[in-house]
Amino acid sequence: MKIATWNINSVRIRLEQVIDWLKQNPVDVLCLQETKVIDADFPRSLFEELGYHLYLSGQKSYNGVALISRKQLVDVTTGFTAILSDQLLEWDEQKRVITGVIDGIRIVNLYVPNGAAVGTEKYAYKLRWLKVLREYLKCLLLSQPDICVCGDFNIALEAKDIHDQVSPDNHIMASELERQALRDILAMGFADAFRKFTTEGGHYSWWDYRAAAFRRNLGWRIDHHYLTPALYERAKSCIIDATPRKLTQPSDHAPVILELEDK
DNA sequence: ATGGCTTCGGTTCGAAGA
């Protein structure tokens with residue numbers, strides 16, 4: 001089974017590129033982030049013509065996540081409050097969470113808040129959001145041991161996940177508090193699928209649009225698949241496909257593809 | 001180098017992204 005994650009920065013702008021990629025990479029599940037469209041306006045038809053089922057949680061202008069699956073998913077829910085208490089309703093105003101189960105595997109598709117800059121209100125929101133995410137995943141783990149949490153985390157955990165022309169100290173996406181918040185989540189029993197196969201640095205999933213960052217390979221690895229132990233054992237490969245980043249008018253992120261051994 | 005570039009909304013620049 002192949003599970004891909006891709007922040008496409010507007011599904012309407014990127015529709016042709018995503019469909020072309022999906023034709024060449026017929027993954028079982030494609031997790032999209034930053035779809036930037038309400039569900040009623042999501043361009044469904046080209047995906048459905050390829051035989052995919054769509055599960056959406058979108059909003060106007062910002063954020064938005066989608067699960068695009070070859071097989072029908074079960075137990076699909078959106079947001080934190082479907083799993084946690086309704087007292088957290090404010091956390092679902094921004095559409096950043098969708099989950100569903102395929103072949104006994106729960107896939108959680110996330111768009112973690114960016115956080116703007118360390119010390120801002122958005123940074124504080126990111127840290128609080130990660131705390132809620134931890135409770136959410138803790139809840140899911142009670143009923144399902146096999147979980148793949150993937151998406152745009154907006155966090156690079158190690159120096160080797162970041163090009164060397166940036167000083168990570170207190171940089172957004174690399175600051176100690178957000179890294180610790182992510183480590184606190186992983187400590188519940190998740191491991192980075194990419195690092196099962198690739199230990200060296202220099203592999204990135206996001207390059208700034210500005211300053212010709214892609215051409216100079218000034219990137220960050222911030223798009224991840226985190227797996228519970230049995231799934232981690234089943235992981236056969238985890239590849240960043242930089243090809244779409246080379247196209248004209250690309251997303252600033254590249255897709256990342258996880259392959260799991262069939263059971 | 002508080003900029004560089006891209007998207008959205010709703011009119012054409014400001015906000016947000018990372």
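In the text below, chain A, chain B and the rest are named by the order of the sequence lines, each starting its count at 1. All of these numbers come straight from a predicted model, not from anything done at the bench.
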- request: Using only heavy-atom distances, determine whether the side chains of A:D184 and A:Q180 contain a donor-acceptor pair under 3.5 Å.
  value: yes
query: Can you name the one residue among A:E178, A:E176, A:E158 that meets salt bridge (charged side-chain N to carboxylate O under 4.0 Å, His left out) with A:R183?
result: A:E176
statement: Here the distance between atom P of B:dG17 and atom CG of A:D152, to the nearest Å, is 11 Å
message: Is any side-chain heavy atom of A:W21 closer than 4.5 Å to one of A:I8?
response: no
message: What contact category does A:D223 fall into here, base, sugar-phosphate, or nothing, at under 4.0 angstrom with non-hydrogen atoms?
response: nothing
query: Is any side-chain N or O of A:S10 closer than 4.0 Å to OP1 or OP2 of B:dC8?
result: yes
message: Taking transitive links into account, so neighbours of neighbours count too, which hydrophobic residues share a cluster with A:M173 at under 4.5 Å side-chain distance?
response: A:V118, A:Y123, A:L127, A:I162, A:V166, A:I172, A:L177, A:W206, A:W220, A:I222
message: Nearest whole Å is fine: how far is B:dA16 P from A:N154 CG?
response: 15 Å
- request: Could you tell me the separation between the OH atom of A:Y125 and the C1' atom of B:dA16, rounded to a whole number of Å?
  value: 14 Å
message: OP1 or OP2 of B:dT7 versus the side-chain N and O atoms of A:Q249: is any pair under 4.0 Å?
response: yes
- prompt: Looking across every strand, which nucleic acid part, if any, lies under 4.0 Å from A:H253 by heavy atom: base, sugar-phosphate, or nothing?
  reply: sugar-phosphate
field: Value in whole Å for how far the C1' atom of B:dT7 lies from CD1 of A:I8
entry: 12 Å
statement: Per nearest nucleotide of DNA chain B, the residue lying toward the 5' end, A:W220 or A:R12, is A:R12
message: Whether A:S61 contacts B:dG9 is assessed here as follows: a side-chain N or O lying under 4.0 Å from the phosphate OP1 or OP2. Is that the case?
response: yes
field: Co-membership, hydrophobic cluster, residues A:F80 and A:I98, 4.5 Å side-chain
entry: no
message: Considering every strand and a 4.0 Å limit on heavy-atom distances, what is the contact class for A:Y123: base, sugar-phosphate, or nothing?
response: nothing
Distance, rounded to the nearest Å, where A:H163 contributes NE2 and B:dG4 contributes C1': 13 Å
task: Return the value, rounded to whole Å, for the distance between atom CZ of A:R96 and atom P of B:dG17.
output: 7 Å
- prompt: Where each residue is assigned the nucleotide of DNA chain B containing its nearest heavy atom, which of A:K122 and A:T35 is assigned the position nearer the 5′ end?
  reply: A:T35
task: Output the single nucleotide from B:dG4, B:dT7, B:dA16 whose closest atom is nearest the side chain of A:A211.
output: B:dG4
- request: Answer with base, sugar-phosphate or nothing: what part of the nucleic acid does A:N63 contact at a heavy-atom distance below 4.0 Å?
  value: nothing
message: With a 4.0 Å cut-off on N to O distance, would you call A:E200 and A:R221 a salt bridge?
response: no
- prompt: Does A:K36 place a side-chain N or O at less than 4.0 Å from the phosphate oxygens OP1/OP2 of B:dG9?
  reply: no
query: Roughly how many Å is it from CD in A:Q17 to C1' in B:dT6, rounded to a whole number?
result: 13 Å
- request: Take the protein atom NE2 of A:H171 and the nucleotide atom P of B:dT2, then report the distance between them rounded to whole Å.
  value: 13 Å
message: Starting the side chain at C-beta, find the nucleotide from B:dC8, B:dC5, B:dG9 nearest to A:Y209.
response: B:dC5
message: Under 4.0 Å, counting only non-hydrogen atoms across every strand here, what does A:I172 touch: a base, just sugar-phosphate, or nothing?
response: nothing
message: What contact category does A:D208 fall into here, base, sugar-phosphate, or nothing, at under 4.0 angstrom with non-hydrogen atoms?
response: nothing
Pairwise P distance, B:dG14 and B:dG4 [rounded to whole Å]: 14 Å
- request: For A:R216, report the nucleic acid contact type (base, sugar-phosphate, nothing); a contact means any heavy atom under 4.0 Å.
  value: nothing
task: Please round to the nearest 0.5 Å and tell me the distance separating atom CG of A:L231 and atom CD of A:E261.
output: 12.0 Å
query: Distance between the P atoms of B:dC13 and B:dT2, in whole angstroms?
result: 24 Å
field: Nearest-angstrom distance, P atom, B:dA1 to B:dA15
entry: 26 Å
- prompt: Does a side-chain N or O from A:R210 land closer than 4.0 Å to OP1 or OP2 of B:dA1, or not?
  reply: no
